[in-house]
Amino acid sequence: MQASFMTDKEIMDDILSSQKAITGVYNTFSNECTNQCLRDDFLNILREEHNIQSDVFSQMQQRGWYNPPQAQQQMVDQVKTKFQNISSAL
């Protein structure tokens, strides 16, 4: 039986995906928590997890393993206008 190993890129992809999932879970927990002390703890953990995700993202970008396309200015302007309209309607 041949052993299969993950490449460094595959490991980093897995870590990045995991961090995205983890931040989603902690975000939900903090949004739905009624105990303020516990909510504050979840928010602190969420910030730490976002920092980890950012570090992994940066490392992958530096290595050329993750390069999301830049948004076109027209798309940025459309989204900005959409949310400004929603905000002003509230």
- Item | Min side-chain heavy-atom separation Pro68-Gln61 under 4.5 Å | yes

- Transitive ILVMFWY side-chain link Val56 to Tyr66, under 4.5 Å: yes

- Which residue pairs satisfy the salt bridge (Lys or Arg N to Asp or Glu O under 4.0 Å) criterion with at least one member in residues 11-25, sequence neighbours excluded? Lys9-Asp13

- With a cut-off of 6.0 Å (strictly less than), are more than 12 heavy atoms of other residues, nucleotides or ligands near CD of Gln74? no

- Using side chain to side chain donor-acceptor pair (under 3.5 Å) as the criterion, list what pairs up with Asp77, not counting sequence neighbours. Gln73

- Message: Using 0.5 Å steps for rounding, measure from the CH2 atom of Trp65 to the OG1 atom of Thr7.
- Response: 7.0 Å

- Query: Does a donor on one side chain sit under 3.5 Å from an acceptor on the other, for Glu48 and Asn44?
  - Reply: no

- Looking at Met60 and Met12, what are the two nearest heavy atoms and their distance? SD-O, 3.6 Å

- Task: Could you grab the distance from atom CD1 of Ile15 to atom CG of Asp55, nearest 0.5 Å is fine?
- Result: 11.5 Å

- Item | From CD1 (Ile11) to CE (Met6), nearest 0.5 Å | 5.5 Å

- Note on the structure: Separation between CD (Glu49) and OG (Ser54), nearest 0.5 Å, reads 12.5 Å

- Task: With rounding to the nearest 0.5 Å, note down the distance linking CG in Leu43 to CG in Leu38.
- Result: 10.0 Å

- Relative to the ring of Tyr26, is the ring of Phe42 parallel (under 30°), tilted (30 to 60°) or perpendicular (over 60°)? tilted

- Note on the structure: Looking only at heavy atoms, the pair that brings Thr23 and Leu46 closest together is O-CD1, 3.3 Å

- Decide if atom CD of Gln84 counts as having more than 12 heavy atoms of other residues, nucleotides or ligands within a radius under 6.0 Å. yes

- When every non-hydrogen atom of Asn85 is compared with those of Ser88, the smallest separation belongs to O-OG, 3.1 Å

- With clusters built from Ile, Leu, Val, Met, Phe, Trp and Tyr whose side-chain heavy atoms come within less than 4.5 Å, directly or transitively, what are the remaining members of the cluster of Phe83, listed by chain and number? Val79, Ile86

- Query: So do Gln59 and Gln62 actually touch side chain to side chain, heavy atoms under 4.5 Å?
  - Reply: yes

